[in-house]
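In what follows, chains are A, B, ... by sequence order, proteins preceding strands, each numbered from 1. All figures in this text were calculated on a predicted structure; none of them were measured in a lab.
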Amino acid sequence: MISRISDASKDFFEQVYAVVKEIPEGRVTSYGAIANYLGTKKSSRMVGWAMNACHSRPEIPAHRVVNRNGLLTGKMHFSSPEDMQKRLEKDGLKVVADQIIDFKLHFWDPEEELKI
DNA sequence: AGCTTGACTTTGA
DNA sequence: GTCAAAGCCAAGC
């Protein structure tokens with residue numbers, strides 16, 4: 001019989017998407033936080049790479065995922081660079097110079113909220 | 001098959 | 001505090 005891969009071993013991308021979709025409105029998180037929650041802290045880049053493929057998942061609020069500094073590093077990957085900031089402001093967040101104000105206050109840690 | 005790039009993070013100077 | 005370099009894994013060429 002064919003040993004199908006376990007659900008827990010599903011694609012890393014799917015895991016990232018699952019976490020990102022759980023990000024509540026008005027909250028933001030970092031690539032590293034997601035990677036850490038998934039257990040691959042070192043592979044924070046993979047989270048970003050996963051987001052690069054988020055075009056396959058229109059329901060992914062990728063605008064709520066920023067780098068460790070709260071900087072909108074991936075804004076240019078959106079339909080329009082302004083779209084990401086506009087969505088964040090729509091969520092009640094303040095963005096200045098492509099950076100989220102009080103980022104740490106709005107930081108949403110999946111390890112804290114989702115409880116491993 | 002190997003090298004380069006990438007929506008990052010951490011560490012050292 | 002900033003700046004530079006290393007580490008990381010995967011996809012693209």
Next on the checklist: Both distances below 3.5 Å, Watson-Crick or wobble geometry, any strand: find the nucleotide opposite B/dA13.
Outcome noted: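 B/dA13 is paired with C/dT2.
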
Item to check | Any strand: nucleotide that pairs with B/dA7 via Watson-Crick or wobble, under 3.5 Å | outcome: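 B/dA7 is paired with nothing.
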
Under 4.0 Å, heavy atoms only, any strand: does [X] hit a base, just the sugar-phosphate, or nothing?
X: A/Ala50; value: nothing
X: A/Asn67; value: sugar-phosphate
X: A/Ser30; value: sugar-phosphate

Item to check | Nearest-angstrom distance, C1' atom, C/dC3 to B/dA7 | outcome: 22 Å

Next on the checklist: Whether the side chain of A/Tyr37 engages the backbone of A/Val16 through a donor-acceptor N/O pair (distance < 3.5 Å, no angle test) should be reported.
Outcome noted: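 Side chain of A/Tyr37 to backbone of A/Val16: no pair is present.
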
Next on the checklist: Applying the side-chain hydrogen bond (donor to acceptor under 3.5 Å, both in side chains) criterion to A/Asp91, which one of A/Arg27, A/His63, A/Lys86 satisfies it?
Outcome noted: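 For A/Asp91, the side-chain hydrogen bond (donor to acceptor under 3.5 Å, both in side chains) test succeeds with only one of A/Arg27, A/His63, A/Lys86, which is A/His63.
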
Next on the checklist: In the structure I gave you, are the side-chain heavy atoms of A/Arg64 and A/Val20 within less than 4.5 Å of one another anywhere?
Outcome noted: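 No. Closest side-chain heavy atoms not under 4.5 Å.
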
Checklist entry - Under 4.5 Å between any side-chain heavy atoms of A/Leu72 and A/Ile100, yes or no? => result yes

Side chain of [X]: nearest nucleotide among [options]?
X: A/Arg68; options: B/dT10, C/dA10, B/dA7; result: B/dT10
X: A/Trp49; options: B/dG6, B/dA7, C/dC9; result: B/dG6
X: A/Ser44; options: B/dA7, C/dA11, B/dT9; result: B/dT9

